[in-house]
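Some notes on the structure that comes next.
A note on names: the letters A, B, ... follow the listed sequences, proteins ahead of strands, and every chain is numbered from 1. What you are looking at is a predicted structure, and each value in this text was computed from that prediction instead of being measured.
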Protein chains: 2
Amino acid sequence: MPPFTPTQRPPSAAVPPTETAPAVDATFLEGLIGYNARRAALAVISVFLERMAPYGLRVVDFSVLTLIAHNPGVTSRQLSSALAILPPNLVGLVRQLEERGLIEKRPHPHDRRAQGLYLTAAGERLQGEAQSVVASLETEAITHLTEEERRTLIGLLRKVYQPAG
Amino acid sequence: MPPFTPTQRPPSAAVPPTETAPAVDATFLEGLIGYNARRAALAVISVFLERMAPYGLRVVDFSVLTLIAHNPGVTSRQLSSALAILPPNLVGLVRQLEERGLIEKRPHPHDRRAQGLYLTAAGERLQGEAQSVVASLETEAITHLTEEERRTLIGLLRKVYQPAG
DNA sequence: TATTGTTATACTCTATAACTATA
DNA sequence: TATAGTTATAGAGTATAACAATA
């Protein structure tokens, strides 16, 4: 399961809207699912970054906080496989959230190698607010779809990456 | 318009299938369009990279070759805005394709600053083969969707990133 | 012997600043 | 003054190897 995160910069200009040059024919690419899926993901994530800026959260940060919120005591190794982030790359991310006082590590009950991750009170507050904003974004600003279209879209996307499921 | 390209490595293990740790509850993330769009794009691109390996093409390379094929004489600046690749990052990419003998630069008819990009004979051969493979991938292996579902999916994705279009 | 978490490190991708030559 | 193409460079993101502690 991949991280919900391509380019994670604060909302910036990124390729300025140079509409000067005449548009090119991109018909073939526009007929590909991967191309459209990526563009849609980038569009959604762009709005996501704007709205999460006040909370100082990138997409990975939100994903990690949300998984911890819904899975108290989850280990770094579990986050790694759940978000397709390699363990070494999770170290700094977790440390930063810890230094911000949003999460804390506690000894794992059965395995002294592992550490359970938990939200602090501040972390729960922040994650809760962020999740509300994201939930409303999903229907409001980002997606110009009816609720039925939204469900259809998610179902079809799942079918693409989970042929069996 | 973004490049059709997240992680562009040759097909590698990427986060080994460590199914050891029990799965975590990712329900909330799984209900988000951006999350699912990204996963679908990654799944499609993963197969894409496998099939394009024989041609030595990454997704960006294919995108550039295809745009040049369908827009002979297109400029680097046009590719930049069409694929959301910043001009400096396009220089090396174009140079490599040129060194491989797949494309060539010719002086622009009206603007002596610009250069028109064209496929060579070898480039046309390669791009043609690659495009065929990609086209068949779209219906066969990757997408376990009916043709109607495929069209619905693309339509809904467009609606997400092109609210007006 | 295998796994958790970690350090160190390298490679790719993406971004900005600044230059040149033309417009 | 603005644009096309380029160089140099910095910063994210992602990858591998190897280690200590524990299983």
Side-chain angles (χ1 to χ4, degrees), chain A residues 2-22 38 42 45-46 49 58-61 63-64 73-81 83-96 98 105-117, chain B residues 2-22 38 42 45-46 49 58-61 63-64 73-96 98 103 105-117:
Chain A
F4 178 29
T5 137
T7 298
Q8 302 213 334
R9 303 284 172 84
S12 75
V15 179
T18 304
E19 305 298 352
T20 320
R38 177 158 169 73
L42 287 179
I45 287 166
S46 164
L49 288 178
R58 296 167 304 169
V59 184
V60 265
D61 299 320
S63 300
V64 165
V74 69
T75 67
S76 179
R77 191 64 193 78
Q78 284 175 306
L79 290 180
S80 170
S81 64
L83 294 172
I85 298 173
L86 292 166
N89 299 331
L90 214 54
V91 175
L93 203 162
V94 166
R95 179 163 42 220
Q96 286 178 338
E98 200 182 3
K105 296 174 180 173
R106 300 185 205 158
H108 191 282
H110 312 307
D111 189 336
R112 278 187 299 170
R113 292 172 305 182
Q115 314 170 68
L117 299 173
Chain B
F4 178 28
T5 135
T7 298
Q8 303 214 333
R9 305 284 169 83
S12 75
V15 181
T18 304
E19 305 298 353
T20 320
R38 176 157 169 74
L42 287 178
I45 287 165
S46 164
L49 288 178
R58 296 168 304 168
V59 184
V60 263
D61 300 320
S63 301
V64 166
V74 69
T75 67
S76 179
R77 191 66 193 78
Q78 285 176 304
L79 291 181
S80 170
S81 63
L83 293 173
I85 298 175
L86 293 166
N89 299 330
L90 214 58
V91 175
L93 203 162
V94 166
R95 178 161 45 216
Q96 285 178 340
E98 200 181 4
I103 67 176
K105 297 174 179 172
R106 300 186 206 157
H108 191 283
H110 311 307
D111 188 339
R112 276 187 302 168
R113 294 171 304 179
Q115 313 171 68
L117 299 174

Please tabulate, for side-chain N and O atoms in residues 84-96 of chain A, each donor-acceptor pair with protein atoms closer than 3.5 Å (sequence neighbours left out).
none

Exercise for the section: Could you state the atom-to-atom distance from CG of B/Leu117 to P of D/dA4 in whole Å? Expected result: 13 Å
Handout entry: Per-nucleotide protein contact string for nucleotides 17-23 of chain D (B base, S sugar-phosphate only, - none; heavy atom under 4.0 Å)
Key = B---BBS
Exercise for the section: Rounded to the nearest 0.5 Å, what's the gap from CG on B/Leu42 to CZ on A/Arg38? Could you check? Expected result: 8.5 Å
Problem - Any B/Gln115 side-chain nitrogen or oxygen under 4.0 Å from OP1 or OP2 of D/dT6 - result: yes
Practice task
Using whole Å, report how far CD1 of A/Ile45 lies from C1' of D/dA12.
Solution key: 15 Å
Fill in the blank from the handout: The reported gap from OG in A/Ser76 to CD in A/Gln115 (rounded to nearest 0.5 angstrom) is 8.0 Å
Practice task
Grab the CG-C1' distance between A/Asn89 and C/dC13 for me, whole Å please.
Solution key: 14 Å
Problem - Atom pair distance, as rounded to whole Å: NE2 in A/His108 and C1' in C/dG5 - result: 13 Å
Problem - Rounded distance (nearest 0.5 Å) linking atom OG of B/Ser46 with atom CG of B/Leu49 - result: 6.5 Å
Practice task
Measure the distance from CG on A/Leu93 to C1' on C/dT6 and round it to the nearest whole Å.
Solution key: 15 Å
Completion exercise
Ranking D/dA15, C/dG5, D/dA4 by distance to the side chain of A/Thr75, first place goes to C/dG5
Handout entry: Distance (rounded to the nearest 0.5 Å) between B/Thr75 OG1 and B/Arg113 CZ
Key = 10.5 Å
Exercise for the section: For B/Glu98 and D/dT6, give me the distance from atom CD to atom P, rounded to whole Å. Expected result: 8 Å
Practice task
State the NZ-CD distance between B/Lys105 and B/Glu98, to the nearest 0.5 angstrom.
Solution key: 4.5 Å
Handout entry: Phosphate OP1/OP2 of D/dA4: any B/Lys105 side-chain N/O under 4.0 Å
Key = no
Handout entry: Phosphate-side-chain proximity, A/Arg58 and D/dG13, N/O vs OP1/OP2 below 4.0 Å
Key = yes
Completion exercise
What one should report as the nearest heavy-atom pair of A/Val74 and A/Gln78 is CG2-OE1, 3.2 Å
Fill in the blank from the handout: From CG of A/Leu86 across to C1' of C/dT7 the rounded distance in Å is 15 Å
Fill in the blank from the handout: From CZ of B/Arg77 across to C1' of C/dA23 the rounded distance in Å is 15 Å
